[in-house]
Amino acid sequence: MELALSPEDAAFRDEVRAFIAENYPAEMRVPNPETDLTKEQSLLWHRILHKKGWIAPLWPKEYGGPGWSITRRFIFEQETSRAGTLPPLAFSVTMVGPVIYTFGNEAQKKKFLPRILSGEDWWCQGYSEPGSGSDLATVRTKAVRDGDHYIVNGHKTWTTLAQHADWIFCLVRTDPNAKPQSGISFLLIDMKSPGVTVRPIITIDGSHEVNDVFLENVRVPAENLIGEENKGWTYAKFLLGNERTSMAGIGRSTRYINKLKQIVEAEVPSDDPMHLDFQREIALVELDVLALEATELRVVAQMARGIDPGPAASLFKIRGTEIFQRITELTHRAIGSCGLALREQPVSANHFMPGHEYGHTAAEKYLNSRKLSIYGGSNEIQRNIIAKAVLGL
Amino acid sequence: MDIQFTEEQELLRSSIQRLLRDQYDFEARRKIVADEQGFSHRQWAAFAELGLLAAPFAEDAGGLGGGPLSTMIIAHEFGRHLVVEPFVETVVLAGGLIERLGDTVQKQAFIPDIVDGKKIWTLAWTEKGGRFDLADVTTTARRESDDYVLSGGKTAVIAAPWADYLVVSARTSGSRKDHGGVSLFVVDRRAAGVDLQSFKTIDGRRAAEISLRNVRGQLLGKEGEGLAALEACRDRAIGALCAEAVGAMGELNSATLEYSKTRKQFGTTIGSFQVLQHRMVDMFIAHQEALSLMQHLNLSISGGEAGLSRLASGAKTKIGYAAKFVADQAVQLHGGMGMTDELNVGHYFKRISSINIQFGDPAFHVLRYARFGAAA
Ligand SMILES: Cc1cc2nc3c(=O)[nH]c(=O)nc-3n(C[C@H](O)[C@H](O)[C@H](O)COP(=O)(O)OP(=O)(O)OC[C@H]3O[C@@H](n4cnc5c(N)ncnc54)[C@H](O)[C@@H]3O)c2cc1C
Ligand SMILES: Cc1cc2nc3c(=O)[nH]c(=O)nc-3n(C[C@H](O)[C@H](O)[C@H](O)COP(=O)(O)OP(=O)(O)OC[C@H]3O[C@@H](n4cnc5c(N)ncnc54)[C@H](O)[C@@H]3O)c2cc1C
């Protein structure tokens with residue numbers, strides 16, 4: 001399905017397509033880019049996009065964005081995800097960048113934005129804490145003003161890729177006496193500061209993606225406070241809206257469905273009744289994608305006409321993640337007994353894996369994608385949002 | 001239809017529970033899995049000492065005569081504790097086949113060593129591209145004086161890296177997928193021509209791709225009798241795997257319920273949110289139904305009832321989907337914690353995923369069940 005494109009936009013789409021084909025680094029085409037690339041390798045594409053001026057489609061031109069229309073942003077998103085390129089680090093480009101240019105002061109914009117664009121700084125998201133997951137407003141990490149500094153104490157958790165990070169953006173409590181939402185501030189912390197410790201959390205797929213981040217008497221210059229003290233909740237919510245926009249994941253789902261079809265053709269003989277069963281299951285999930293894609297195009301068209309999509313992001317997050325989980329389940333099923341094998345982490349050529357290479361990441365993807373309905377605001381929380389904000393319950 | 005356990009069965013159950021509680025908590029298991037070997041000889045010896053490896057065998061074969069119900073009791077407790085040692089592979093699969101097909105000499109040669117925990121066995125039946133069809137056999141066995149010589153390959157054989165002996169399905173006649181001509185052989189896992197490529201499984205066990213090049217094997221039963229024996233063996237294996245799955249489901253449900261009563265968000269326990277309450281009610285119902293079917297199936301296996309194989313596929317389907325639902329939701333309701341390697345919840349999830357693959361996934365078995373029904 002395609003948007004009805006003007007000739008100019010169609011030309012733009014072709015340009016994006018050609019650019020990806022010519023420039024996407026071959027060494028990033030590994031079985032599982034999320035686990036198999038070093039930090040440097042995963043930044044290769046980021047740097048290429050930066051050079052081209054395409055690294056931050058969302059950003060206004062004055063801060064280094066390409067100044068695209070909503071339609072073009074959507075085309076770019078669609079083409080890059082259809083082509084299976086590794087998206088630039090969302091924490092940097094999609095999350096903290098827009099907070100800084102929207103709510104930060106001039107000095108902060110000058111200091112941080114160029115380094116986000118170039119990929120020099122790697123950011124991680126310090127929102128969740130052991131006691132504050134779905135109920136983020138109860139964060140307890142404390143920041144106490146001491147002259148020109150804040151002294152920060154607390155424990156952030158589930159921090160994705162903190163092991164690579166140069167900076168962490170944190171929700172911290174600056175007013176313990178105010179109502180939960182009113183006492184929170186948005187603070188940028190240098191990961192090299194004394195008192196910051198990162199401890200790996202290994203997930204069920206065996207990978208090291210998330211971490212605990214301990215903050216012990218960390219001295220943070222007060223100039224790293226975004227906006228006003230105790231207004232952090234507003235900035236945090238602004239950011240969460242951005243986090244969920246690309247969650248429909250149509251390009252990715254379409255790519256994985258195509259791969260699934262190839263695997264089924266290779267694995268299940270056409271005279272086996274299971275062949276028809278797989279075709280039926282695949283058709284059902286394809287229809288789910290079709291319906292979600294049509295919904296996305298409808299919302300994009302409305303946004304292009306200036307209509308606020310409201311909590312459409314919640315709908316995309318729920319359905320996009322459910323669909324992708326289903327595709328990973330079917331893929332895992334399609335490889336039969338070889339689905340018993342799980343690649344050992346860290347990945348190495350010394351570890352034998354049975355079956356064809358196309359199946360080697362099926363188990364880990366199946367396991368890892370359980371996270372999709374939990375993080376970024378769980379799917380239960382997204383349903384609560386729709387119930388409240390759309391249905392008025 | 002609730003099973004009233006006999007005193008003996010109750011004793012068996014409580015003694016396993018005691019052993020596993022004392023020696024096989026989650027941390028002990030973690031150490032076993034992380035060990036280079038990946039399983040514990042010491043535990044295996046303890047299982048033997050308790051009589052678990054003897055329980056299902058008939059008394060005249062050197063067993064305790066507990067039959068499929070003792071298997072169910074053991075597998076259920078093993079499922080609760082995520083035991084990695086190859087009980088099903090050694091006792092239910094290989095042991096069951098030896099008991100059914102072996103001659104007196106073979107039974108005397110092999111069963112006592114199984115019962116005493118001296119030898120570990122597994123069954124090698126799956127082949128590349130064969131999916132879950134027991135008759136999809138291309139490995140060949142050719143007669144050579146008193147012995148047979150096997151050539152071919154087997155795929156994803158659980159416990160093969162641990163095993164001393166393999167029971168291998170191979171063709172003595174016919175061609176791929178023919179129902180006739182499949183025979184079973186005892187192969188020394190360390191024999192010349194047996195090559196293993198080992199790997200770790202999602203549920204913390206070990207498996208291997210096996211290649212066989214002119215390997216000596218000893219016929220088990222008569223030529224061409226293999227498929228019927230494999231089918232019966234699969235029914236029993238399903239009985240045991242279902243019991244493991246139900247054990248795992250029960251643990252997931254109590255862990256989730258407990259967590260929902262202690263984990264607080266929005267100033268209250270998450271168990272007070274109605275959407276999660278209903279989810280846990282459905283998990284409870286899924287477990288109850290699975291438990292009933294598990295008992296029903298294993299009673300039928302004990303009684304050798306007609307239509308058993310259809311029921312086995314039906315139970316594998318219902319319990320497989322029920323277990324998957326419970327596992328999915330247990331992870332979901334634990335939030336980020338459910339994703340961690342540290343918590344046992346994810347390990348139950350993976351064990352259930354593995355059970356759902358072994359001997360065919362629920363989508364395979366529902367079709368098998370339907371086709372039986374159509375023929376009836
Ligand atoms: C792989 C992964 C990566 C992550 N990366 C980051 C990161 O980089 N930075 C960061 O800050 N956080 C990150 N998170 C944390 C993530 O945002 C939280 O896990 C999520 O918000 C859920 O919080 P929780 O885990 O504490 O679960 P809880 O909030 O304790 O929820 C437990 C269960 O209760 C349900 N529940 C809670 N409240 C309600 C309600 N009101 N109604 C109905 N159901 C409810 C939830 O949906 C869930 O099923 C990550 C998590 C994962 C798993
Ligand atoms: C065919 C038929 C025969 C019947 N026969 C009899 C009879 O012989 N004698 C008799 O006394 N009554 C009878 N009833 C009435 C029946 O008991 C009521 O319809 C039933 O109790 C639901 O009440 P309600 O229709 O007022 O719906 P409501 O109670 O208004 O419920 C509407 C919806 O809200 C849901 N809901 C309500 N409360 C909650 C809650 N706390 N949490 C979550 N969801 C909730 C309900 O599940 C339902 O989906 C009959 C009804 C039908 C349809």
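Each chain gets a letter, A, B and so on, in the order the sequences are listed, and its residues count up from 1.
- Side-chain atoms of Ser354(B) and Asp203(B) form a donor-acceptor pair, as typed in the model, at a separation below 3.5 Å.
- The contact between Glu267(A) and chain B is made by backbone and side chain atoms together, counting heavy-atom distances below 4.5 Å.
- Interface check for chain A: of the options Gly338(B), Ala363(B), Ala208(B), the most heavy-atom pairs under 4.5 Å are formed by Ala363(B).
- For the options Pro354(A), Gly355(A), Gly336(A), heavy-atom pairs under 4.5 Å to chain B are most numerous at Pro354(A).
- With a threshold of 4.5 angstrom between heavy atoms, Pro130(A) approaches chain B through N, CA, C or O but not through any side-chain atom.
- Here Gly133(A) is the residue among Pro180(A), Cys338(A), Gly133(A), Ala363(A) with the most heavy-atom pairs under 4.5 Å with chain B.
- Looking at Leu343(B), there are no atoms closer than 4.5 Å to chain A (heavy atoms on both sides), in backbone or side chain.
- For Thr126(B), the part lying under 4.5 angstrom from a heavy atom of chain A is the side chain only.
- Scanning both residues, Pro273(A) and Leu367(B), for their nearest heavy atoms gives CB-CD1, 3.8 Å.
- The heavy-atom pair separating Val84(B) from Trp162(B) by the smallest distance is O-CZ3, 3.4 Å.
- Proximity to chain A is absent for every atom of Phe273(B), based on heavy atoms less than 4.5 angstrom apart.
- The choice from Glu281(A), Lys371(A), Arg333(A), His332(A) that makes the most heavy-atom pairs within less than 4.5 Å of chain B is Arg333(A).
- Only the side chain of Asp272(A) comes within contact range of chain B, with at least one heavy atom under 4.5 Å from a heavy atom of that chain.
- Per-residue counts of heavy-atom pairs under 4.5 Å with chain A were compared for Met337(B), Gln358(B), Glu209(B), Lys200(B); the largest is that of Lys200(B).
- In this model, no donor atom of one side chain and acceptor atom of the other lie less than 3.5 Å apart for Thr361(A) and Asn32(A).
- For the residue pair Thr317(B)/Arg368(B), the side-chain donor-acceptor check at 3.5 Å is not satisfied.
- Remark: the Glu89(B) side chain and the Thr122(B) side chain contain no N/O donor-acceptor pair separated by less than 3.5 Å.
- In this structure, no portion of Gln325(A) lies under 4.5 Å from any heavy atom of chain B.
- Using a 4.5 Å cut-off between heavy atoms, Asn356(B) does not touch chain A at all.
- For a residue to count as touching a neighbouring chain, one of its non-hydrogen atoms must lie under 4.5 Å from one of that chain's; by this rule Thr138(A) does not touch chain B.
- Side-chain atoms of Ser373(A) and Gln332(B) include a donor-acceptor pair closer than 3.5 Å.
- Most heavy-atom pairs under 4.5 Å with chain B, from the set Leu340(A), Leu367(A), Leu342(A): that is Leu340(A).
- Of the atoms belonging to Ala334(A), it is backbone heavy atoms, and not side-chain ones, that fall under 4.5 Å from chain B.
- Using cut-offs of 30° and 60° on the angle between ring planes, the pair Phe78(B) and Phe87(B) is perpendicular.
- Looking at Arg279(B), the atoms closer than 4.5 Å to chain A (heavy atoms on both sides) all sit in the side chain, from C-beta outward.
- With respect to chain B, the highest number of heavy-atom pairs below 4.5 Å among Asp277(A), Val268(A), Ile201(A) belongs to Val268(A).
- A donor-acceptor contact closer than 3.5 angstrom links the side chains of Ser169(B) and Lys154(B).
- Partner of Leu333(B) under the side-chain contact (heavy atoms from CB on, under 4.5 Å) criterion, chosen from Leu257(B), Leu276(B), Leu252(B): Leu276(B).
- Under 3.5 Å, the side chains of Tyr369(B) and Lys316(B) contain no donor-acceptor pair of N or O atoms.
- Proximity to chain A involves both the backbone and the side chain of Ile202(B), based on heavy atoms less than 4.5 angstrom apart.
- Using a 4.5 Å cut-off between heavy atoms, Ser132(A) touches chain B through its backbone atoms (N, CA, C, O) alone.
- Looking at Asp212(A) and Lys156(A), no side-chain N of the basic residue comes within less than 4.0 Å of a carboxylate O on the acidic one, giving no salt bridge.
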